[in-house]
Amino acid sequence: MPYRGYGNKSQIVVSGHVLENRPDFLADVGDKKRKNFRNMIARYMSTSIPETEVGIHFQDQNHFATTDELGFFQANIDLIHPLKAGWHQITYTIADCNVSGEVLITDQKTDFGVISDIDDTVLISHATQLLRKLRLILTKNAKTRLPFPGVKDFYCALAGDESVNPIFYVSSSEWNLYDFLVDFFETRELPKGPFLLQRFKSGLKELIKSGGGTHMHKQEKIEALMKFYPDLSFVLIGDSGQRDPEIYASIVNKYPGRIKAIYIRSIKNKQIDNEVKGIVEEAGVPIRMVKHTDEAYRHATTIGLITEK
């Protein structure tokens with residue numbers, strides 16, 4: 001399973017998993033709840049294959065990576081020459097099996113990047129309510145799950161013409177859900193971007209705890225992006241249910257002048273901690289708690305992140 005990679009003018013970062021017993025999960029609007037349930041269970045019953053060499057072919061050169069104990073591999077590959085902005089194909093090989101993947105190269109004309117959470121930020125998930133969350137996960141599929149109203153327009157406007165501004169989706173969802181997320185984002189015509197998810201998990205117990213944990217892996221992944229794109233500023237988008245405000249405030253503190261704005265979707269009327277809000281505002285970064293996406297859209301327009309046509 002190759003994941004969408006990303007790159008700058010001199011290097012790319014690619015990753016994926018090597019798994020067995022992993023069927024194709026083809027979703028349809030008319031699928032019965034029973035099929036959706038079986039498919040979601042199967043996503044957490046795949047077996048990781050450790051210590052497997054993966055060939056990576058890019059720019060007429062061969063590179064290699066080895067999977068860890070969870071079947072995950074990642075490689076940072078130096079570019080032979082700079083590439084034009086956009087998506088580029090890359091090939092992965094195990095034995096005689098070739099699989100194609102994609103790598104996003106950013107443009108020098110990029111105004112800013114976007115780093116967004118997914119659950120309860122883009123995708124209606126009820127992540128803080130266990131029973132409602134499980135009902136959605138187990139009975140719906142990528143074609144029937146819903147985004148928040150206005151998300152498509154907001155994210156497409158932030159991405160800009162020809163999606164010149166890259167969007168990275170950093171989430172506490174596990175890699176188990178990668179194919180589901182790709183299908184959901186394509187179905188809802190949301191901007192295409194790399195996903196940076198939580199470690200692969202196995203077993204029904206892990207499914208029940210899906211999306212849980214301290215969420216601090218988000219901070220690690222965001223900091224990795226900040227370092228990989230040292231000349232790029234970012235807009236951060238999240239929700240109030242999973243420590244996004246605290247994580248984003250830490251990013252503002254560590255990388256002064258790099259964050260253009262923060263938008264937090266209000267979940268169950270939970271407010272941003274005053275200390276967190278103070279750190280962000282003292283750095284001169286606008287932070288807005290919103291109940292509806294159009295509130296963020298309007299504010300982004302007033303500060304020049306979105307240009308009205």
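Predicted, not measured: the structure shown is a model, and the values here were computed from it.
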**Q** Taking S240 for its side chain and Q271 for its backbone only, find out whether a donor-acceptor pair lies under 3.5 Å.
**A** no
**Q** May I ask whether M216 and V252 are part of the same hydrophobic cluster, defined by side-chain heavy atoms of I, L, V, M, F, W, Y residues being less than 4.5 angstrom apart, directly or through others?
**A** yes
**Q** Considering only residues two or more places apart or on different chains, which pairs with a residue in residues 272-281 satisfy side-chain hydrogen bond (donor to acceptor under 3.5 Å, both in side chains)?
**A** none
**Q** Listed by chain and number, what are the side-chain contact (heavy atoms from CB on, under 4.5 Å) partners of L79, not counting sequence neighbours?
**A** I12, F58, Q59, L83
**Q** Any donor-acceptor pair under 3.5 Å linking the side chain of D107 with the backbone of T110?
**A** no
**Q** Quickly, which of F168, Y3, F185, W175 forms a ring pair (Phe, Tyr, Trp, His ring centres under 6.0 Å) with F195? Name it, please.
**A** F185
**Q** So, the side chain of T67 versus the backbone of I49: is there a donor-acceptor pair under 3.5 Å, distance only?
**A** yes
**Q** Any chance the side chains of S173 and D119 put a donor and an acceptor closer than 3.5 Å?
**A** yes
**Q** Can you tell me if N62 uses its side chain to pair, donor with acceptor, with the backbone of H57 under 3.5 Å?
**A** no
**Q** Look only at the side chain of D239 and the backbone of R265, and say whether a donor-acceptor pair between them is shorter than 3.5 Å.
**A** no
**Q** L158 versus F112: any side-chain heavy-atom pair under 4.5 Å?
**A** yes
**Q** Looking just at side-chain N and O atoms, do N36 and T139 make a donor-acceptor pair shorter than 3.5 Å?
**A** no
**Q** Is the closest basic N to carboxylate O distance between D28 and K143 below 4.0 Å?
**A** no
**Q** Do we see a donor-acceptor contact under 3.5 Å between the side chains of H299 and Y263?
**A** yes
**Q** Donor-acceptor pair, N176 side chain versus K201 backbone, under 3.5 Å?
**A** yes
**Q** Less than 4.0 angstrom from a charged side-chain N to a carboxylate O is my criterion; do D117 and K218 meet it?
**A** yes
**Q** Who passes salt bridge (Lys or Arg N to Asp or Glu O under 4.0 Å) against D294, sequence neighbours left out?
**A** R298
**Q** Is there a chain of hydrophobic side chains (I, L, V, M, F, W, Y, each step under 4.5 Å between heavy atoms) that links F148 to L190?
**A** yes
**Q** Looking only at the side chains, is there a donor atom on one of H17 and S48 sitting less than 3.5 Å from an acceptor on the other?
**A** no
**Q** Shortest non-hydrogen contact from T293 to G150?
**A** CG2-O, 3.5 Å
**Q** Cation over ring, R43 on F25, under 6.0 Å and within 45°?
**A** yes
**Q** Distance-only, no hydrogens or angles: does the R188 side chain make a donor-acceptor pair with backbone N or O of P147 under 3.5 Å?
**A** no
**Q** Determine which pairs satisfy salt bridge (charged side-chain N to carboxylate O under 4.0 Å, His left out) with at least one residue from residues 14-25, sequence neighbours left out, and list them in order.
**A** R22-D179
**Q** Where the side chain of R4 meets the backbone of E102, is there a donor-acceptor pair that is under 3.5 Å apart?
**A** no
**Q** If you group Ile, Leu, Val, Met, Phe, Trp and Tyr by side-chain heavy-atom gaps below 4.5 Å, do L134 and I267 land in one group?
**A** no
**Q** Would you kindly confirm whether Y169 and I262 end up in one hydrophobic cluster when ILVMFWY residues are joined by side chain heavy atoms under 4.5 Å apart?
**A** no
**Q** Honestly curious: do I77 and V54 fall in one hydrophobic cluster under the side-chain, below-4.5 Å linking rule?
**A** yes
**Q** What closest approach, in Å, do D244 and G238 show between heavy atoms, and which atom pair accounts for it?
**A** OD2-CA, 3.3 Å
**Q** Quick one: list whatever passes salt bridge (Lys or Arg N to Asp or Glu O under 4.0 Å) with K254, sequence neighbours left out.
**A** E223
**Q** Does the T144 side chain pair with the main chain of K140, one donor and one acceptor, at a distance under 3.5 Å?
**A** no
**Q** Determine the minimum heavy-atom distance between N141 and F180, stating which atoms define it.
**A** C-CE1, 3.6 Å
**Q** I'd like to know if the side chain of S266 and the backbone of V290 have a donor-acceptor N/O pair within less than 3.5 Å.
**A** no
**Q** So, for N253 and P256, which heavy atoms are closest and what is the spacing to 0.1 Å?
**A** O-CD, 3.8 Å
**Q** Between Y255 and F234, is the ring centroid distance below 6.0 Å?
**A** no
**Q** Restricting to non-hydrogen atoms, name the atom on R145 and the atom on F184 that form the minimum distance, rounded to 0.1 Å.
**A** O-CE1, 3.5 Å
**Q** Who passes side-chain hydrogen bond (donor to acceptor under 3.5 Å, both in side chains) against Y229, sequence neighbours left out?
**A** none
